[in-house]
Amino acid sequence: MDKIKIYNMDLYYGKFHALKGINMNIEEKCITSFIGPSGSGKSTLLKTLNRMNDLIDDCSITGNIFLDGLDIYKHIDVNQLRKRVGMVFQKPNPFPMSIYDNIAFGPRTHGIKNKAILDDIVEKSLKDSAIWDEVKDRLKKSALSLSGGQQQRICIARALAVNPEVLLMDEPTSALDPISTAKIEDLVQELKESYTIVIVTHNMQQAARVSDKTAFFLSGELIEYNDTETLFSIPEDKRTEDYITGRFG
Amino acid sequence: MDKIKIYNMDLYYGKFHALKGINMNIEEKCITSFIGPSGSGKSTLLKTLNRMNDLIDDCSITGNIFLDGLDIYKHIDVNQLRKRVGMVFQKPNPFPMSIYDNIAFGPRTHGIKNKAILDDIVEKSLKDSAIWDEVKDRLKKSALSLSGGQQQRICIARALAVNPEVLLMDEPTSALDPISTAKIEDLVQELKESYTIVIVTHNMQQAARVSDKTAFFLSGELIEYNDTETLFSIPEDKRTEDYITGRFG
Amino acid sequence: TGENKAKDVSKDNGAFDLENEIVAVTREEGSGTRGAFVELFEIEEKAQDGTKIDKTTKEAITQMKTDTVLTTVAGNEYAIGYVSTGSLNDTVKAINIDGIAPTVENIKNGSYKIARPFNIATKDNLSELAKDFINFIMSSEGQEVVQNNKYIAIEENTSPYSGNKPSGKIVVAGSSSVTPLMEKLREVYLEINPNGEIEIQQSDSSSGMKAAIDGTADIGMASRELKDSESAELKSTAIAIDGIAVIVNNENAVENLTKENIRRIFIGEITKWSEINK
Amino acid sequence: MSRLIRIMIKLAALITFSILFLIIGYILVKGLPNIKPSLFALEYTTENVSLFPAIVTTIIMTFLSLMIAVPIGIFSGFYLVEYAKNGNKLVNIIRITTETLSGIPSIVYGLFGLLFFVTTLGWGFSILAGAFTLSIMILPLIIRSTEEALLAVPDTLREASFGLGAGKLRTIFKVVLPVAMPGILSGIILGIGRIVGETAALIYTAGTVPKIPNSLFSSARTLAIHMYALSSEGLYTNEANATAVILLIVVIGINGLSSYFTKKLLKGNYNG
Amino acid sequence: MKFKFKEKFMEIIFFISASISIISLILICVFMFANGIPAIVEIGFFKFLFGKDWSPTNIPPSFGIFPMILGSLYVTGGAILLGVPIGILTAIYLAKFCPEKLYRCLKPAINLMAGIPSIVYGFFGLIILVPLTRDIFGGTGNSILTASILLATMILPTIISLSEAAIRAVPKDYYEGAVALGATHERSVIFAMLPAAKSGIMSSIVLGIGRAIGETMAVVMVAGNQARMPNGILKGIRTLTANIVIEMGYAADLHRETLIGTGVVLFIFILIINGIFSVLKRKVV
Ligand SMILES: Nc1ncnc2c1ncn2[C@@H]1O[C@H](COP(=O)(O)OP(=O)(O)OP(=O)(O)O)[C@@H](O)[C@H]1O
Ligand SMILES: Nc1ncnc2c1ncn2[C@@H]1O[C@H](COP(=O)(O)OP(=O)(O)OP(=O)(O)O)[C@@H](O)[C@H]1O
Ligand SMILES: [Mg+2]
Ligand SMILES: [Mg+2]
Ligand SMILES: O=P([O-])([O-])[O-]
């Protein structure tokens, strides 16, 4: 079943045509990865899925995106959309507050006030993002004092804490070591049971390892979109082949 | 020959013992990589080599570090040290000015005012960091309008522009696509001819690919330090073996 | 008359230098003090055709309050200015004009002519308290307060106060020059009539008149004559006379100036202390 | 080069603080010897020239004005930065108007307050009319400093908050405001400075009655006006000098209190 | 639903706040223009603006404010020349050079400086600065120079506080980036952090200029207030604001309206300066 449908979408930053006629369906409870060289528009497309591009002034979009059949620009309240479609960013961006408050921010936003429940959520989210052991003794310390990798895992925990339906991850492991990465990858596999996941990655091994479907972007165009196995073994497009075999450029 | 000698170094953030009794020599014109899980102190040690840790208030250091036999804390002016020991950060941090001015910042700092020379340096640095073609038409545009990957390559170019002797790179390719990464890796290999390079990476393939020597860190300790080939093929320490084979946790 | 006893010493040791330019300090256009000063010293030229030109030199420093005139003159050896006699203090020296000192007696007996009235202005339907307070001001008790504070009483009506001590509240607003006197009058009056409540708003003559016209104040205070537009709506009464003293720095040896000298200083014809009496 | 920069920076700081301490020294030297108990009598008379009522009025006036201007100013800042689209013509007009109005002499505000609050609305000379006039006067300052402080908050924080499904409101109050608060506070402190030091605008709106006000509709004088009133005829110069010292102390007190409250407020915010 | 209501409700509150601000700002403008424009029209635009004689109480009166326009330009220009560099450099000092302990004393001192009333500055100027400049530079002391120095002092707190806040808000990444290139602390702050704080610093300057132009009570005491064409910085001059505050108390009728008209001129004056600044701001990206 398709969770998200993107129909004939074009996106401009001012006059710069950043995404060109994108058509694609993202399957429910499945991991989709976006690959492509830097600047190809992966992050841009990802952000569009929970309307984070609304925040950019000169960004204009044509075409439609549907979540469960509803147009996200017309029929869904944007905050509800973002609650349902969570996000982890490329650069770690913890809030300048304590680790605990960072994680509890989302649940509190959605009305959870009970201390015990919050404590549980915080603990679970931190465990799921493989950082509990490192921070359990300093939950009241500022999240900004952590290392880059730790910060990013705090951000992942923060996103998980609101229990989204879809999780968008923009190179979530680019700042992580292999062990944490492996943990996150495992986690992502687990989450697949109940969530739809879209992941941007530069690491083709990662894409091959974790995702069910892969989309390859180049200069704002969706070049090829297929089952991960198929795409990596028998790419249809010459450019895809060149890219995945590193012959590119 | 040893470019840098670290002798019995301990580092504390307040009371937190972040680096424990580090002894190591970094060879001249050679690529050394630091690997280890997140929070193990790789970035911390790297920053110590050009005294970026001076900027952190509650950071205290004991032991000695020598550059070409001179104690960097006693016998070298800190700005000269940083000119000689350049750095690329984990998070791209271009200045809020034009691309051109970003690259020219370092040379200008060190007294180069001649426009033609600056132009040359800017072009060469951008070419070396594999981003010249993407930005050559918009050198006067703000560097902040670029994508994450592009920004990081600008930062690499900026570091190269001052012609350092040693180049410290903290996960310089963690935000780059494979093609740019490959270019940077090639570049690093080339730079080795004339520079000493220390690179922090989470990507063990990268470490294996580019570096001559590899150091493995765990919880602030230097566990093992050896030729890259040796370390990856016949690690002496059980923990190193567990880590590089991904059995760690 | 008008002789100079200034020590004519060299400029170097900082003593008084007669060759230094005179620094004339005047008040702003429209100030009551200035109005009286320029009129009485004939600095203002009135022609038959109704034109009126204030010829005060444009080089004169203009200060907008009595205290800043005092401070400027006190701080500059070569300055000359003028202030209300009520505000004189020992930081400056008041000089005699044509040999006459600016004392209360001299002003009262008419030998010292440089003075102007303090006015209050009211509308027709006054409250009981306002009427009574004005009666008090014009009574012998009220005029005694005027005299005790270095101002000159209005001669006319000096019968004693005989009010019925009404209660209520009135607002008196206007000129800051009149305010100190009005505060004294208020205090003495409230001792006689504790039932009343009097608020004094210190601003300036024009605001006082405006307040009286639109009813924000019961009584307006002005240190100048009323403008035509104001007297169309208000009735004014002089409650006291205020002398104007010409002042110089304490370092200045000048004790006396002729009226003509002062006029020529202020229209810019005399620019050096040494030129006086030539 | 660096040495030159450092010398210039230190020299500038030296100049600034020398002048400041010169001024403070001047105030103290002139004022301290004239401070005497009678200045603190409950009621003002021409004998004791008490400044006590003026202290009370200054405090009331400051907090009343801040209560009006700070929320409106900060909320306006929110609207301009977080809601109005960038490049919105209206925003630019407001920005330019606020900046322009900050250069209008306060006496013009005073005359406006006189016409509008005192006369048209019929409030008479009153603390309320004074506070409203002052509020309008310091609004530009608060709006602008809020705007700048909000603009300085990195967008990544807003993105993170929105990404969690937080609405604008929550993002603004829980994420953006705490980060921006120090900048806003410095605007508020500048505003306090203007309130406490203002004379021209208040003479025409709050009046100059030297009494402790018994309602918001009473006329009363702040310390600055008290000083102005005492000095203007050159009759109470010593008392005016003493008032300046007390004024300094009151400013220190009010500044301290506002920093304290802002910090309190922030603490509460982080745990919300 | 409740959630959405609250969002909408607060957005409306913010909008109303912004509207109140706008309305009150517009009211002030309307007040000024309605009172000032008729007088300007009656006198004649050019006669008013470029007339060199200001004798409002003469009969017939003469209302030329050109000397005051120049006066404001000179005094404000002087204040900016002295105050802006010192202010920004001091802000840099406080944000990046000052030891923590010293900062805890100096910061409240700056706040205090902002809280000193104009008339205190005025007396300070009259009693300390006027004799000082007279002794050092000559002239009467009540001069453009003295007024500029005094005004520069008075705009310092505005510029310092707002610039300091802007500099502190710059992410430390920029600083680190510069330091790692071998730039000294000074260079990193000036060339990497200042550009990032540009917008905030610019607006501190604009507000400072506003304060300088709009300031009256202090300038009036030291500027000499001669309503004639300026002739040297050691001579006195009258500014537009001084003109308003000096004469408003006694003015009536047309005279009063011309004073408010002077306010209108000031408004336009600052508008032009702000216009120049926003163009500059856009250019220097
Ligand atoms: N806010 C913006 N304004 C203008 N152009 C933008 C903006 N954000 C991105 N771009 C441009 O749009 C293109 C696509 O950017 P995007 O960030 O989506 O690339 P990406 O594929 O995620 O690259 P990377 O792997 O480097 O993150 C790039 O050329 C970039 O310069
Ligand atoms: N400024 C600081 N103050 C206090 N603790 C710090 C600071 N910076 C780092 N640390 C702590 O020091 C330890 C080492 O941090 P460091 O950044 O060197 O790790 P790292 O190996 O680079 O990790 P990563 O791969 O996540 O970047 C971590 O536990 C971190 O929390
Ligand atoms: Mg991206
Ligand atoms: Mg690190
Ligand atoms: O000059 P006055 O202040 O007395 O009008």
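Residue numbering restarts at 1 for every chain, and letters A, B, ... go by the order of the sequence lines.
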Where do D:Tyr228 and E:Met217 land on the side chain to side chain contact (heavy atoms under 4.5 Å, CB included) test, with the steps shown first? CA-CA 10 Å; D:Tyr228 181 75; E:Met217 289 315 199; 4.1 Å; yes
side-chain hydrogen bond (donor to acceptor under 3.5 Å, both in side chains) between E:Thr90 and D:Thr16: does it pass, once the steps are laid out? CA-CA 7 Å; E:Thr90 306; D:Thr16 302; 2.7 Å; yes
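Most heavy-atom pairs under 4.5 Å with chain D, from the set E:Ile160, E:Val189, E:Asn35, E:Leu106: that is E:Leu106. In terms of heavy-atom pairs under 4.5 Å with chain D, the best-connected choice from E:Pro171, E:Ser204, E:Ala196, E:Ser199 is E:Ser199. Highest contact tally toward chain E, considering only D:Ile9, D:Val250, D:Ile5, D:Ile195, is held by D:Ile9 [criterion: heavy-atom pairs under 4.5 Å]. Your options are E:Gly263, E:Ser24, E:Gly275, E:Ser203, and the one with the most heavy-atom pairs under 4.5 Å with chain D is E:Ser203. Ranked by heavy-atom pairs under 4.5 Å with chain D, the first of E:Leu240, E:Leu266, E:Ile88, E:Val206 is E:Val206. Listed options D:Ile143, D:Ile172, D:Asn255 were ranked by heavy-atom pairs under 4.5 angstrom with chain E; first place goes to D:Asn255. Counting heavy-atom pairs closer than 4.5 Å to chain E, the top-ranked of the candidates D:Val251, D:Leu20, D:Leu139 is D:Leu20. Of the listed residues (E:Ile244, E:Leu27, E:Ile92, E:Ile260), the one with the most heavy-atom contacts under 4.5 Å to chain D is E:Leu27. Listed options E:Thr216, E:Leu271, E:Thr184 were ranked by heavy-atom pairs under 4.5 angstrom with chain D; first place goes to E:Leu271. Put simply, of D:Thr243, D:Ile189, D:Ile203, the one with the most heavy-atom pairs under 4.5 Å next to chain E is D:Ile189. For the set D:Leu190, D:Val196, D:Thr199, D:Ile254, the entry with the most heavy-atom pairs within less than 4.5 Å of chain E is D:Leu190. Chosen from D:Ala12, D:Gly77, D:Pro140, the residue pairing most often with chain E at heavy-atom distances under 4.5 Å is D:Ala12.
Interface residue D:Ile27: only side-chain heavy atoms are found under 4.5 Å from chain E. Heavy-atom distances place no part of E:Ile273 under 4.5 Å from chain D, backbone and side chain included. The part of D:Leu115 that comes within reach of chain E is its side chain, from C-beta onward, which places non-hydrogen atoms under 4.5 angstrom from that chain. Of the atoms belonging to D:Phe116, it is side-chain heavy atoms, and not backbone ones, that fall under 4.5 Å from chain E. Contacts between E:Leu156 and chain D at a heavy-atom distance below 4.5 Å involve the side chain alone, from C-beta outward. Residue E:Cys98 does not touch chain D at all, counting heavy-atom pairs closer than 4.5 Å. For a residue to count as touching a neighbouring chain, one of its non-hydrogen atoms must lie under 4.5 Å from one of that chain's; by this rule E:Ala165 touches chain D with the side chain only. For E:Phe97, the part lying under 4.5 angstrom from a heavy atom of chain D is the side chain only. For chain E, the nearby parts of D:Arg6 are the backbone and the side chain; heavy atoms of each come within less than 4.5 Å. Neither the backbone nor the side chain of E:Phe9 comes within contact range of chain D; no heavy atom of the residue lies under 4.5 Å from a heavy atom of that chain. Heavy atoms closer than 4.5 Å to chain E are found in both the backbone and the side chain of D:Ile104. Proximity to chain D (any heavy atom under 4.5 Å) is restricted, for E:Leu94, to the side chain, taken from C-beta onward. Only the side chain of D:Phe78 comes within contact range of chain E, with heavy atoms under 4.5 Å apart. D:Ile24 touches chain E through its side chain: at least one heavy atom from C-beta onward sits under 4.5 Å away, while N, CA, C and O do not. When heavy atoms are compared at a cutoff of 4.5 Å, E:Thr158 approaches chain D by way of both its backbone and its side chain. Proximity to chain D (any heavy atom under 4.5 Å) is shown, for E:Ala109, by both the backbone and the side chain. At a 4.5 Å heavy-atom cutoff, D:Ser135 makes no contact with chain E through either its backbone or its side chain. Contact annotation for D:Leu247: only side-chain heavy atoms (C-beta onward) come within less than 4.5 Å of a heavy atom of chain E.
D:Lys168 is not listed as a side-chain neighbour of E:Glu11, based on a closest heavy-atom distance of 4.5 Å or more. Side-chain atoms of E:Pro108 and D:Ile252, non-hydrogen and from C-beta on, never get closer than 4.5 Å to each other. The shortest distance between side-chain heavy atoms of E:Ile28 and D:Ile136 falls below 4.5 Å.
Shown here for D:Ala152 and E:Ala169, the closest heavy-atom pair between the two residues is CB-CB, 3.5 Å. Residues E:Glu186 and D:Ser2 approach most closely at CG-O, 3.5 Å, considering heavy atoms. Closest approach of E:Met248 to D:Leu111, counting heavy atoms only: CE-CD1, 3.1 Å. When all heavy atoms of D:Arg170 and E:Glu7 are compared, the pair lying nearest together is N-OE2, 4.2 Å.
Here CG of E:Leu162 is found 9.5 Å from CZ of D:Arg144. Values are rounded to the nearest 0.5 Å. Interatomic distance, E:Ile22 CD1 to D:Ser76 OG, rounded to the nearest 0.5 Å: 7.5 Å. If you take OG on E:Ser21 and OH on D:Tyr79, they are separated by 12.0 Å, rounding to the nearest 0.5 Å. Taking CZ of D:Phe173 as the reference point, atom CE of E:Met10 lies at 4.5 Å (rounded to 0.5 Å). Rounding to the nearest 0.5 angstrom, the gap separating the CZ atom in D:Phe75 from the CD1 atom in E:Ile16 is 11.0 Å.
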Tell me which donor-acceptor pairs under 3.5 Å the side chains of residues 111-129 of chain E have, and how far apart each pair is, sequence neighbours excluded?
residue: E:Ser118; atom: OG; partner: E:Glu215; partner atom: OE1; Å: 3.3
residue: E:Ser118; atom: OG; partner: E:Glu215; partner atom: OE2; Å: 3.3
residue: E:Tyr121; atom: OH; partner: E:Met113; partner atom: O; Å: 2.7

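Side-chain atoms of E:Ser161 never come within 3.5 Å of backbone atoms of D:Ser186 as a donor-acceptor pair (strictly under, hydrogens ignored).
The side-chain contact (heavy atoms from CB on, under 4.5 Å) search around D:Ile19 returns D:Ile15, D:Ile23, E:Thr153, not counting sequence neighbours.
Exactly one of E:Asn243, E:Thr241, E:Ile213 qualifies for a side-chain contact (heavy atoms from CB on, under 4.5 Å) with D:Pro105. That residue is E:Thr241.
Residues E:Phe14 and D:Tyr83 place their aromatic rings such that the two centres sit under 6.0 Å apart.
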